[in-house]
Amino acid sequence: NSASGYWEYEYDTIVLTSGTLYSLEAVATDSSGRTRIAALANGFYPDNDVPLPTITDPSDGNYEYGTSAALQVTTTDLTLTKLNYRIDDGAWVDIPDISSPHDVTWDTTVYTDGLHTITVRATDAIGHVETSSVDIFVDNHDPVCVINTPVNNQFVERTVAFQVSAGDEVGISQVTMTIVNTTIDNVSIAYNSQSGYYEYILLSTTIPDGDYTVLAWAHDSAGRTTM
């Protein structure tokens, strides 16, 4: 090649196995038939495959909490040189374990409760870069649960609306209520969008007069419960 000043030969390395060591020799022959062999001292590794990282833990939609939440990643590239992760649009954090599966822990308590995205990025020896991500929910706080009506020590008669306010960053899955020493035991109560409360309607004449203890529980989507 007069432009480059070299003798050149093009070869499609796609037919070779990525990550496998191959040797290479070149033979130069002069006009009198003398030859000289040149070889790559350490050979070469073709790399036509992208890293393809996969997050195996946590799964998409999981609820995560605590200071040591597990993150496990698998990769397919034999020439992987770097693997890192980030939460949402935060800084990339290196995963030092580059033998698949790759394990690391992360602190969920520095993030707000709610939806977050974990992204992993894999880089191989030749510079191929691939990413993979999952959406998870962080939940480090119990739901809020308050019995608003009736108030403590209130006298009630006829039809009574028990109203409970409940809230949580990852969502309320259920609110339950018990009136101790009655048949109303751990019943699920419905949300009333007009009043903004979870409500249970009781006909007070169906239970004897007297003092009663009312208990309510709020259950969030991650399984946390507050009474």
Side-chain angles (χ1 to χ4, degrees), residues 1-112 114-140 222:
N1 184 336
S2 59
S4 66
Y6 294 103
W7 299 80
E8 295 180 350
Y9 177 77
E10 292 186 357
Y11 183 79
D12 188 357
T13 61
I14 197 69
V15 300
L16 303 179
T17 303
S18 290
T20 300
L21 177 63
Y22 289 88
S23 59
L24 177 64
E25 292 183 350
V27 180
T29 305
D30 66 14
S31 300
S32 64
R34 293 178 179 274
T35 60
R36 175 64 62 89
I37 299 175
L40 285 178
N42 297 313
F44 71 97
Y45 293 89
D47 186 6
N48 292 298
D49 298 330
V50 294
L52 295 178
T54 300
I55 300 174
T56 55
D57 186 22
S59 301
D60 199 59
N62 264 24
Y63 292 91
E64 301 296 315
Y65 60 91
T67 58
S68 297
L71 174 60
Q72 184 177 82
V73 183
T74 60
T75 53
T76 59
D77 200 304
L78 297 176
T79 63
L80 183 74
T81 58
K82 190 171 186 179
L83 187 66
N84 41 35
Y85 76 93
R86 70 178 181 182
I87 310 299
D88 301 324
D89 294 323
W92 290 103
V93 180
D94 288 341
I95 300 176
D97 175 15
I98 60 170
S99 298
S100 186
H102 318 270
D103 294 285
V104 72
T105 60
W106 60 288
D107 185 0
T108 72
T109 63
V110 301
Y111 301 94
T112 59
L115 182 66
H116 295 275
T117 300
I118 303 175
T119 302
V120 295
R121 181 178 64 182
T123 306
D124 67 12
I126 208 167
H128 295 136
V129 178
E130 284 292 323
T131 62
S132 178
S133 63
V134 295
D135 291 328
I136 55 92
F137 294 92
V138 168
D139 185 18
N140 286 300

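Side-chain contact between Val138 and Ile136 is present, with heavy atoms from C-beta onward closer than 4.5 Å. Here the side chains of Leu24 and Tyr11 are not in contact, with every heavy-atom distance at 4.5 Å or above. No side-chain heavy atom of Ile126 sits less than 4.5 Å from a side-chain heavy atom of Tyr45.
Nearest heavy-atom pair, Tyr85 versus Val120, reported as atom, atom and distance to 0.1 Å: CB-CG1, 3.9 Å. Across all non-hydrogen atoms, the minimal contact from Tyr22 to Pro46 is CD1-CD, 3.5 Å. Ser100 and Thr75 make their closest contact through OG-N, 3.2 Å (heavy atoms, listed as atom of the first residue, atom of the second, distance). Of all heavy-atom pairs between His102 and Ile95, the closest is CB-CG2, 4.1 Å. Nearest heavy atoms, Asp47 versus Ala125: OD2-N, 4.0 Å.
Remark: side-chain polar atoms of Asp107 are paired, donor with acceptor, to backbone N or O of Thr109 under 3.5 angstrom. Using a distance-only test at 3.5 Å, with no hydrogens or angles considered, no donor-acceptor pair links the side chain of Thr123 to the main chain of Thr81.
For Asn42, the CG atom sits in a loose shell: 12 or fewer heavy atoms of surrounding residues, nucleotides or ligands are nearer than 6.0 Å.
Partner of Glu64 under the side chain to side chain contact (heavy atoms under 4.5 Å, CB included) criterion, out of Thr108, Asp139, Ile118: Thr108 alone.
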Which donor-acceptor pairs under 3.5 Å do side chains of residues 65-72 form with protein atoms, sequence neighbours excluded?
{"residue": "Gln72", "atom": "OE1", "partner": "Thr56", "partner atom": "OG1", "Å": "3.0"}
{"residue": "Gln72", "atom": "NE2", "partner": "Asp103", "partner atom": "OD1", "Å": "2.8"}

Only distances under 3.5 Å count here; give the side-chain donor-acceptor pairs of residues 127-135 to other protein atoms, sequence neighbours excluded, each with its distance to 0.1 Å.
{"residue": "His128", "atom": "ND1", "partner": "Asp49", "partner atom": "O", "Å": "3.2"}
{"residue": "His128", "atom": "ND1", "partner": "Asp124", "partner atom": "OD2", "Å": "2.9"}
{"residue": "Asp135", "atom": "OD1", "partner": "Thr117", "partner atom": "OG1", "Å": "2.6"}

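With rounding to the nearest 0.5 angstrom, the CG atom of Asp88 is 8.0 Å from the OG1 atom of Thr119. Rounded to the nearest 0.5 angstrom, Leu21 CG and Leu40 CG are separated by 10.0 Å. To the nearest 0.5 Å, the span separating CG on Asn1 from OH on Tyr9 amounts to 15.5 Å.
A parallel orientation is assigned to the rings of Phe137 and Tyr63, their planes being inclined by less than 30° (bins at 30° and 60°).
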